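Before any comments, here is the structure.
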Number of protein chains: 2
Amino acid sequence: MNMQTRTPASSPADNGYGFSDRIQRQLEHAAHLCAGQGGRMTPQRRDVLGLILTATTPVGAYDLLEQLKTSGRKPAPPTVYRALDFLLEHGLIHRIERLSAFVPCTHLQHDHPHDHSHGPAETCLHSAQFLICRSCGGVTEIADAPRVLDVLKSICGKKNFTMQSASVEVEGVCEDCAPATRGQKGPAPAPN
Amino acid sequence: MNMQTRTPASSPADNGYGFSDRIQRQLEHAAHLCAGQGGRMTPQRRDVLGLILTATTPVGAYDLLEQLKTSGRKPAPPTVYRALDFLLEHGLIHRIERLSAFVPCTHLQHDHPHDHSHGPAETCLHSAQFLICRSCGGVTEIADAPRVLDVLKSICGKKNFTMQSASVEVEGVCEDCAPATRGQKGPAPAPN
DNA sequence: GAACTAATGTAATATTATTACATATCATTG
DNA sequence: CAATGATATGTAATAATATTACATTAGTTC
């Protein structure tokens, strides 16, 4: 890819959000993952994913819509929802049901230089487990999740239920926001 | 005032739905539970709970609204949402996040003659675990749930996260629906 | 029964999501 | 290159879900 004279004409807003280097790397990674599954990481999708990666809390579809409007284009809801659908199908983001909002899939967050093993459908099962803080709004994906998933799998097995996707959402108060237990730090500034 | 003086004027729709004996018993049970917590099981709330108990699949707020309209009153959304909030707070129903719909809490379903130990906030933690069938729309509360909850509790403990409520929702195809879709249409590979 | 609290009625609006159809872009290949 | 077919996006309208704010009614307590 040569990018000497000009940025791609079709994506003037592509970097218009000033995505950090780290996020640009994650976007690059995501693009490779998509390509591996025959998906195309278009500028729209890239922008949406970039905004989700940039946010420190889950982002709603209409939040995204507003942010996209500030950068030249004036997208309508379907534009955003289609991008979100694409990103969900490719395992790049998750939907937090309780918030009607979206977060990146963690395997984008932790820079894996060349770990492509975390496919979308097969290995990931498109399931996720989250801790949602009511105080700061932060959401943490549970690392310990395989244990939860194993229990669920075993239950489904017993009941002959074919699991296609699963979501586990715990709402409460995160460590940083809990005032009573220790010296109060106040609501946490930024999770993750 | 004694309860003996039935209020026929204010609750003509009370039994207007022809709730079965079984459901009337469940409603009675629910009323006692509420009373024990200082809650009042009003006709509106009773009707809403009865409709949810009657349905075989999760019911949406506007479904309830429509059904309530057929029985004399013409409630508006807040009426239904307030009843739902009350029932949720008293642990009588659960919200299925993925469906934006409501189901009875199982402890109303299985007739316990005198089991009032299943309090709403403390013992129940207002958490629930469900299997949601994409084919028939049926929802099953997982009986085996304590195991799931225990794992979650242990994770939250490690992270100093105070759990206030949790939802576990598994989507897929239930046993009864699996044979019908066994060929290519099955839930086999791609999530789409 | 006056005063207070809880519950409901009512109108308007907010938020989240989808449908249907038109247009544009891309990736070929004839 | 032009024709093609699939993929992606634009656009307008609307559906589905949920909340706000304020008025009214019902129940309880003193």
Side-chain angles (χ1 to χ4, degrees), chain A residues 8-14 31 34-35 37-49 52 58-69 71-90 93 95-102, chain B residues 1-14 31 34-35 37-49 52 58-69 71-90 93 95-102 137 190 192:
Chain A
S10 66
S11 57
D14 211 354
C34 288
Q37 311 169 225
R40 281 159 54 192
M41 180 61 87
T42 66
Q44 301 259 25
R45 293 164 175 173
R46 199 184 131 94
D47 288 350
V48 168
L49 179 56
I52 293 173
V59 199
Y62 280 74
D63 279 347
L64 291 167
L65 204 48
E66 283 309 304
Q67 294 189 69
L68 290 170
K69 276 179 182 163
S71 271
R73 271 175 291 202
K74 284 162 286 181
T79 300
V80 169
Y81 281 100
R82 283 188 285 232
L84 291 169
D85 285 346
F86 174 88
L87 298 171
L88 284 169
E89 281 166 17
H90 288 77
I93 62 173
R95 181 189 155 92
I96 309 291
E97 302 292 340
R98 290 191 169 210
L99 304 178
S100 295
F102 302 85
Chain B
M1 274 302 183
N2 196 330
M3 291 296 284
Q4 246 174 341
T5 8
R6 284 297 178 93
T7 57
S10 69
S11 58
D14 211 355
C34 288
Q37 312 169 225
R40 281 158 54 190
M41 180 60 88
T42 65
Q44 301 260 24
R45 293 163 175 174
R46 200 183 130 94
D47 288 350
V48 167
L49 179 56
I52 292 172
V59 199
Y62 280 76
D63 280 347
L64 292 166
L65 204 48
E66 283 308 305
Q67 295 188 70
L68 290 171
K69 277 181 182 164
S71 272
R73 270 174 293 201
K74 286 161 285 181
T79 301
V80 170
Y81 280 102
R82 283 189 285 231
L84 292 169
D85 285 346
F86 174 89
L87 298 170
L88 284 169
E89 279 166 16
H90 288 78
I93 62 172
R95 180 189 156 93
I96 309 289
E97 301 292 339
R98 289 192 171 210
L99 304 177
S100 295
F102 302 85
N192 192 0

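Everything numeric here is computed off the predicted structure, so don't read it as measured data. Each chain gets a letter, A, B and so on, in the order its sequence line appears, and its residues count up from 1.
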Set of residues satisfying side-chain contact (heavy atoms from CB on, under 4.5 Å) with respect to A/Ala31, sequence neighbours excluded: A/Met41
Among all residues two or more places apart in sequence or in another chain, which pass the ring-ring contact (aromatic ring centres under 6.0 Å, His included) test with A/Phe86? A/His90
Phosphate contact (C/dT8 OP1 or OP2) by B/Thr42 side-chain N/O below 4.0 Å: yes
Let me know the distance between CG of B/Leu65 and C1' of C/dT8, rounded to the nearest Å. 14 Å
Rounding to an integer number of Å, can you tell me how far B/Lys69 NZ sits from C/dT8 C1'? 16 Å
Option among B/Leu84, B/Leu87, B/Leu49 that satisfies the side-chain contact (heavy atoms from CB on, under 4.5 Å) test with B/Phe102: B/Leu84
Contact string for nucleotides 11-24 of chain D, one letter per nucleotide 5' to 3', B = base within protein heavy-atom range under 4.0 Å, S = sugar-phosphate only, - = neither, reads BB----BBBB----
Can you name the nearest heavy-atom pair linking A/Pro75 to A/Leu68, along with the distance? CG-CB, 3.6 Å
Identify all pairs in which a protein N or O lies below 3.5 Å from an N or O of nucleotides 3-6 of chain C, and state each distance.
none

Might you point out which heavy atoms bring A/Ala83 and A/Val48 nearest each other, and give the distance in Å? CB-CG2, 3.8 Å
Separation of D/dT7 P from A/Gln44 CD (nearest whole Å): 18 Å
B/Lys74: salt bridge (Lys or Arg N to Asp or Glu O under 4.0 Å) partners, not counting sequence neighbours: none
In whole angstrom, give the distance that lies between atom CG of A/Leu88 and atom P of C/dA17. 11 Å
Atom-pair distance (CG on A/Leu84; P on C/dT18), nearest Å: 10 Å
Shortest non-hydrogen contact between A/Gly60 and A/Ala101, atoms and distance: N-CB, 4.0 Å
Would you mind reading off the distance between A/Leu68 atom CG and D/dG10 atom C1', rounded to a whole angstrom? 14 Å
Restricting to side-chain contact (heavy atoms from CB on, under 4.5 Å), what partner residues turn up for B/Gln44, sequence neighbours left out? B/Thr42, B/Arg73, B/Thr79
